[in-house]
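Quick notes on the structure that follows.
The figures that follow rest on heavy atoms only: side chains count, while hydrogens, waters and symmetry mates do not. Here is the naming used below: chain letters follow the sequence lines, and residue numbers restart at 1 for every chain. Just so we're clear, the structure is a prediction, and the values are computed from it rather than from any experiment.
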Number of protein chains: 2
Amino acid sequence: MARSYRIGELARQVDVPVATIRYYEREQLLPKPNRSAGNFRLYSEAHRDRLVFIRQCRSLDMTLEEISSLLKLKEDPQSSCEQVNSLIDDHIADVTRRVAQMQRLKQDLESLRRRCDSTRSAGECAILAGLLAARPERPHPGD
Amino acid sequence: MARSYRIGELARQVDVPVATIRYYEREQLLPKPNRSAGNFRLYSEAHRDRLVFIRQCRSLDMTLEEISSLLKLKEDPQSSCEQVNSLIDDHIADVTRRVAQMQRLKQDLESLRRRCDSTRSAGECAILAGLLAARPERPHPGD
DNA sequence: CTTGACTCTGAAGTTACTACAGAGTGCTCA
DNA sequence: TGAGCACTCTGTAGTAACTTCAGAGTCAAG
């Protein structure tokens with residue numbers, strides 16, 4: 001008789017909020033578990049393994065859609081490593097781009113910050129002036 | 001007689017979507033402009049300058065709340081450079097933390113990717129196995 | 001007048017959660 | 001048995017910074 005877990009137990013084991021587990025079920029990342037007579041969710045070891053997988057992917061900043069794709073590949077006997085590799089490669093490329101952007105942003109900020117080395121009024125602030133002078137680029141470098 | 005701009009003109013000048021300009025007004029980052037007889041918004045040069053400021057700050061990944069604070073400092077004759085510096089420093093520290101996180105994430109991904117150098121079925125994929133084996137950390141390194 | 005581009009407002013959607021409200025369950029202890 | 005507390009349930013709304021959609025009005029040119 002395989003043991004089962006209530007949602008709070010599972011949440012503590014995997015270190016994830018209860019609400020997030022319910023959210024993943026709604027988003028169909030986690031299958032619906034069995035229920036107790038009192039309608040409490042009863043999770044299996046397989047559920048726990050799947051949740052661990054999802055959280056590990058999230059820690060690698062993969063989107064829920066990407067994770068869903070990986071889960072499908074994992075369960076499809078016809079799929080290959082090639083498809084997994086491709087998905088991971090795309091994700092790496094995206095993260096690489098975002099790292100470069102964040103570093104540029106950091107440099108821009110430090111450059112801006114160096115404009116001000118004295119205590120003046122905000123009306124004369126070289127930082128604020130700098131924010132007016134430059135042509136803005138397309139924002140959202142961090143997302 | 002200072003010229004005024006309709007919203008589409010302003011949007012093109014500053015390279016920002018029309019909907020975003022309206023959004024900034026709703027969020028009270030931009031003051032309500034005058035209106036034409038047909039209820040069209042009529043923006044001034046001051047509006048345009050303010051919008052440029054906002055977009056430059058966004059390009060530095062500052063939150064709307066931070067930008068609002070800067071705008072208030074800019075307009076308050078009692079405020080000092082010190083307050084601007086403090087805000088920028090806090091933001092730089094935040095961005096620095098996020099860059100470091102993103103770099104760790106990139107390394108983790110590349111490490112994971114190196115596990116797979118052959119074409120096997122997904123059922124035997126070393127990447128997928130790696131996503132099951134490791135203990136997940138708290139996600140959201142990128143936000 | 002018609003047409004097409006533009007404008008308006010309000011509401012809803014995006015992503016990945018998170019919090020809240022109100023009601024039900026289960027377990028322990030007196 | 002009943003109380004009390006921790007836990008669970010569902011549905012809804014909120015977060016940040018937008019973005020899209022629907023339906024209606026304006027404006028300028030042909």
Side-chain angles (χ1 to χ4, degrees), chain A residues 4-30 32-43 47 51 54-69 71 91 94 98 105 136-143, chain B residues 4-30 32-43 47 51 54-69 91 94-95 98 105 136-143:
Chain A
S4 58
Y5 310 96
R6 288 206 299 212
I7 195 166
E9 292 173 282
L10 181 63
R12 277 185 295 275
Q13 280 189 38
V14 187
D15 188 28
V16 49
V18 161
T20 306
I21 298 176
R22 291 200 198 98
Y23 172 67
Y24 289 156
E25 184 184 321
R26 284 201 299 281
E27 296 295 312
Q28 294 177 6
L29 285 183
L30 276 180
K32 288 184 192 299
N34 293 332
R35 296 285 180 130
S36 70
N39 202 31
F40 285 20
R41 291 169 172 82
L42 300 176
Y43 292 99
H47 278 105
L51 184 59
I54 292 165
R55 296 305 281 179
Q56 177 67 358
C57 290
R58 284 296 303 131
S59 75
L60 298 173
D61 208 47
M62 295 169 82
T63 63
L64 295 191
E65 187 169 357
E66 282 170 329
I67 296 165
S68 184
S69 297
L71 286 167
H91 184 56
D94 182 55
R98 281 152 58 197
L105 163 62
E137 302 171 14
R138 266 268 174 217
H140 291 249
D143 62 357
Chain B
S4 59
Y5 309 97
R6 288 206 297 213
I7 195 167
E9 291 173 282
L10 182 63
R12 278 184 294 275
Q13 281 189 38
V14 188
D15 187 27
V16 50
V18 162
T20 307
I21 299 177
R22 290 200 199 100
Y23 172 70
Y24 289 157
E25 183 184 320
R26 284 202 299 281
E27 296 294 312
Q28 296 179 5
L29 285 183
L30 277 180
K32 287 183 194 301
N34 293 331
R35 296 288 183 126
S36 70
N39 202 33
F40 284 20
R41 289 169 173 80
L42 299 177
Y43 291 98
H47 278 104
L51 183 59
I54 291 164
R55 295 306 281 178
Q56 178 67 359
C57 290
R58 285 296 304 131
S59 78
L60 297 172
D61 208 46
M62 297 170 79
T63 64
L64 295 193
E65 188 171 354
E66 282 171 328
I67 296 165
S68 183
S69 296
H91 184 57
D94 181 54
V95 168
R98 281 153 56 200
L105 165 60
E137 301 170 14
R138 266 270 173 219
H140 292 252
D143 63 0

* Identify which nucleotide among C:dT7, C:dC8, D:dA17 has an atom closest to any side-chain atom of B:Arg6, counting heavy atoms from C-beta outward. => C:dT7
* To do: Give a yes or no on whether B:Gln28 atom CD has more than 12 heavy-atom contacts from other residues, nucleotides or ligands under 6.0 Å away.
  => no
* Touch class at under 4.0 angstrom, heavy-atom based, for A:Arg22 against every strand present -> base
* By nearest nucleotide on DNA chain C, pick out whichever of A:Ala19 and B:Tyr43 is the more 5' one. => B:Tyr43
* Asked: How many Å lie between CG on A:Leu64 and P on C:dT18, as a whole number?
  -> 12 Å
* Structure fact -> Residues passing the side-chain hydrogen bond (donor to acceptor under 3.5 Å, both in side chains) test with B:Ser69, sequence neighbours excluded, are none
* Asked: If you round to the nearest 0.5 Å, how far is CD of A:Glu66 from CG of A:Asp94?
  -> 7.5 Å
* To do: Working to the nearest 0.5 Å, report the span between CG of B:Leu60 and NE2 of B:His91.
  => 6.0 Å
* Among C:dA16, C:dC8, D:dT10, which nucleotide sits nearest the side chain of A:Arg35? -> D:dT10
* Inter-axis angle, terminal five-pair segments of the helix from C:dC1-D:dG30 to C:dA30-D:dT1 [nearest 10°] -> 30°
* To do: Grab the CG-P distance between A:Asp15 and C:dC17 for me, whole Å please.
  => 13 Å
* Residue A:Ile7, side-chain heavy atoms: nucleotide from C:dT18, C:dC17, D:dT8 that is nearest -> D:dT8
* With DNA chain D as reference, determine whether A:Asn39 or B:Met62 sits nearer its 5' end, using the nearest nucleotide of each. => A:Asn39
* To do: Evaluate the side-chain proximity of B:Ile67 to B:Tyr24: yes if any heavy-atom separation is below 4.5 Å, no if none is.
  => no
* Structure fact -> Out of D:dT26, D:dC9, D:dT19, minimum distance to the side chain of A:Phe40 belongs to D:dC9
* Asked: If you count the non-hydrogen atoms of other residues, nucleotides and ligands that lie under 6.0 Å from CD in A:Glu9, is the total more than 12?
  -> yes
* To do: Supply the atom-to-atom distance B:Gln56 CD to B:Leu51 CG, rounded to the nearest 0.5 angstrom.
  => 12.0 Å
* Tell me: CZ of B:Arg55 to P of D:dA17, nearest whole Å? -> 12 Å
* Given C:dG26, D:dC18, C:dC17, the nucleotide with the shortest approach to the side chain of A:Ser36 -> C:dG26
* Asked: For the pair made of OH in B:Tyr23 and C1' in C:dG13, what is the distance, rounded to whole Å?
  -> 14 Å
* Closer than 4.0 Å, any side-chain N/O of B:Tyr24 to the OP1 or OP2 of D:dC18? -> yes
* Asked: Say you draw a straight line from CD of A:Glu25 to CD1 of A:Ile7; how long is it, rounded to the nearest 0.5 Å?
  -> 7.5 Å
* Could you tell me the separation between the CZ atom of A:Arg12 and the C1' atom of D:dA6, rounded to a whole number of Å? => 10 Å
* Which of the following nucleotides, D:dC9, D:dA17, D:dT19, is nearest to the side chain of B:Thr20? -> D:dT19
* In whole angstrom, give the distance that lies between atom CG of A:Leu30 and atom P of C:dA16. => 15 Å
* State whether B:Arg41 places a side-chain N or O below 4.0 Å from either non-bridging phosphate oxygen (OP1 or OP2) of C:dC8. => yes
* To do: Send over the distance from B:Leu10 CG to C:dC8 P, rounded to a whole Å.
  => 11 Å
* Could you check how far CD of B:Glu66 sits from P of D:dA17, rounded to whole Å? => 9 Å
